[in-house]
J.: 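Got a structure here, written out as structure tokens. Questions coming.
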Protein chains: 2
Amino acid sequence: METIKVILVDDHKIFRDGFRLLLQSFPYVDVICEASNGLELLKVLEDNIPDIIFMDINMPHVDGVEASKRALEKYPDLKIIALTTFLDDDYLEQMLMAGVEAYMLKNADIEEFEKAILKVYSGGNYFSAEIVALLSDKLNILRSRKVQQMELPVFTDREKEILELICKGFGNKEIAEKIFISPKTVEKHKSSLFQKTGVLNTVNLVIFSFKHQIVDF
Amino acid sequence: METIKVILVDDHKIFRDGFRLLLQSFPYVDVICEASNGLELLKVLEDNIPDIIFMDINMPHVDGVEASKRALEKYPDLKIIALTTFLDDDYLEQMLMAGVEAYMLKNADIEEFEKAILKVYSGGNYFSAEIVALLSDKLNILRSRKVQQMELPVFTDREKEILELICKGFGNKEIAEKIFISPKTVEKHKSSLFQKTGVLNTVNLVIFSFKHQIVDF
DNA sequence: TTGAACAATAGGGAAATCCCTACTTCGGAA
DNA sequence: TTCCGAAGTAGGGATTTCCCTATTGTTCAA
């Protein structure tokens, strides 16, 4: 089996030392470098391209989120495994958006790390059980948000038509031309929409529509 | 330990028999009823309220998705564990939207079922490893879609701050008061935002932000 | 150290939006 | 039939937003 080249990024040397020790129990893993923050990582990457980066999130100077983004921008083939000491909802999302392949707690056991490395190396993803729980909670939140959208006001056909056009970004004049009525009439329909939804201007009407998923984008 | 009341819903009697047998190895689980499709389940529920429903997805008459929706509408406290023979992307999403607490493959092992029951009974979620893989793939798709959307413009801190407030529905005057600058200055920042995003007015700026998930709601 | 570039501030005038009022049409109830 | 309410139409005047211009302060490189 070929060796998997790994870089560790964490601001605590003790953690890096311990983690390197742990990784040494996998003969096919080779820790080629370390970095103590995002900036250092970017410098290191100029001369050393690993297969996998273990990336801490909380770090001085350039944190894990930013470092991941920049690293992937320059080297899109990098695989990044995010490491965190605790479950932070916000970071999870940011790291996923940054494009990491895996997200684990630092106190995972050795089998989990092995699974993660092999999975990621072969092009997959890995999320530890706690993360999955968080994700599924999130999904549930999404669901309940969708369910509780009731008692929406009743719009007339014309109002619905105009609301759609508003949410596509058209102004009063443009809408008027499109449906062959006076801009003044468009304004009147908008007033009715304001009243029914309880908002005070077009911007808030659009926000209302997106929030209640009356229109989709 | 109190007993956990369970109902099985599946159109194959053989599977129900086998599954009941499996569940009997948990002394704290009591299979109080069975149903062979969604309609039957709804009838059964009139006299029997379980803690957990094991719900097959592919069924005649009323399928698992519809049955889950209707059951949860009438009895919102029900916990539903969705069962499927294969990984179907589409059903997964539909079942999650319907509000199930767990989603598992039928050929999961006994330990997994135990985990799922206990997790769900105590108010949590459970998704088997294969489902998680699917979910994480989905997330990755979302991410890569986001990346290739377009390179988002770079906003200054002040611009980000104002964009947030705009998307919360505040007008120029209100924003000005909130951050202690002149309404005119707010307008200037908005102009910059217009230019950077390529839109022509506030409404379109809000639409842009929601579409590109720059702000979340 | 002196520009150059950029962020943040703000004013004046033009344009779009918002509020109030009013007219027409049409379908159902008295 | 007549009347009333709801939906669709539109105008005048106030308000807000938008565009152009301009000043100040900061950073960074020549």
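Order of the sequence lines sets the chain letters (A, B, ...), proteins ahead of strands, with each chain counted from 1.
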J.: Throw together a table of side-chain donor-acceptor distances under 3.5 angstrom for residues 153-162 of chain A, partners on residues two or more places apart or in other chains.
T.:
{"residue": "Thr156(A)", "atom": "OG1", "partner": "Glu159(A)", "partner atom": "N", "Å": "3.2"}
{"residue": "Arg158(A)", "atom": "NH1", "partner": "Glu161(A)", "partner atom": "OE1", "Å": "3.1"}
{"residue": "Glu159(A)", "atom": "OE1", "partner": "Thr156(A)", "partner atom": "N", "Å": "2.9"}
{"residue": "Glu159(A)", "atom": "OE1", "partner": "Lys196(A)", "partner atom": "NZ", "Å": "2.7"}
{"residue": "Glu159(A)", "atom": "OE2", "partner": "Lys196(A)", "partner atom": "NZ", "Å": "3.4"}

J.: If you look only at distance, which donor and acceptor atoms sit under 3.5 Å apart when one is on a side chain in residues 35-53 of chain A and the other is two or more places apart or in another chain?
T.:
{"residue": "Ser36(A)", "atom": "OG", "partner": "Glu40(A)", "partner atom": "OE1", "Å": "2.7"}
{"residue": "Asn37(A)", "atom": "OD1", "partner": "Leu39(A)", "partner atom": "N", "Å": "2.9"}
{"residue": "Asn37(A)", "atom": "OD1", "partner": "Glu40(A)", "partner atom": "N", "Å": "2.9"}
{"residue": "Glu40(A)", "atom": "OE2", "partner": "Ser36(A)", "partner atom": "N", "Å": "3.4"}
{"residue": "Asn48(A)", "atom": "ND2", "partner": "Val44(A)", "partner atom": "O", "Å": "3.1"}
{"residue": "Asp51(A)", "atom": "OD2", "partner": "Lys5(A)", "partner atom": "N", "Å": "2.7"}

J.: For Lys13(A), which residues count as a side chain to side chain donor-acceptor pair (under 3.5 Å) partner, sequence neighbours excluded?
T.: Asp17(A)
J.: Once you round it to whole Å, what is the distance between P of dA7(C) and CD of Gln195(B)?
T.: 12 Å
J.: Tell me the salt bridge (Lys or Arg N to Asp or Glu O under 4.0 Å) pairs involving residues 25-34 of chain A, sequence neighbours left out?
T.: Arg16(A)-Glu34(A), Arg20(A)-Glu34(A)
J.: With Glu177(B), which residues qualify under side chain to side chain donor-acceptor pair (under 3.5 Å), at least two apart?
T.: none
J.: Grab the CG-P distance between Asn201(A) and dT17(C) for me, whole Å please.
T.: 12 Å
J.: Below 3.5 Å between N/O atoms, which protein atoms pair up with nucleotides 24-26 of chain C? Just atom names and distances, please.
T.:
none

J.: Can you sort out the partners of Tyr75(A) under ring-ring contact (aromatic ring centres under 6.0 Å, His included), two or more places apart, ordered by chain and number?
T.: none
J.: Select from Phe180(A) and Lys196(A) the residue whose nearest nucleotide in DNA chain D is closer to the 5' end of that strand.
T.: Lys196(A)
J.: Nearest whole Å is fine: how far is dA16(C) P from Leu200(B) CG?
T.: 11 Å
J.: So, Glu101(B) and Tyr121(B): side-chain donor and acceptor under 3.5 Å apart, yes or no?
T.: no
J.: With ring pair (Phe, Tyr, Trp, His ring centres under 6.0 Å) as the rule and sequence neighbours excluded, what pairs involving residues 181-208 of chain A come up?
T.: Phe208(A)-His212(A)
J.: Could you list where the contact with chain B starts and ends along DNA chain D, reading 5' to 3', using a 4.0 Å heavy-atom cut-off?
T.: dT16(D) to dT21(D)
J.: Across the strands shown, which category fits Ser192(B) at heavy-atom distances under 4.0 angstrom: base, sugar-phosphate, nothing?
T.: nothing
J.: For Ser192(A), check side chain to side chain donor-acceptor pair (under 3.5 Å) against everything at least two apart and list the hits.
T.: Lys188(A)
J.: Tell me every residue that passes side chain to side chain donor-acceptor pair (under 3.5 Å) with Ser209(B), counting only those two or more places apart in sequence or in another chain.
T.: none
J.: Could you tell me the separation between the CD1 atom of Ile179(B) and the C1' atom of dA7(C), rounded to a whole number of Å?
T.: 13 Å
J.: Contact list please: residues 183-191 of chain B against DNA chain D, heavy atoms, distance less than 4.0 Å, in numerical order.
T.: Lys184(B), Glu187(B), Lys188(B), Lys190(B)
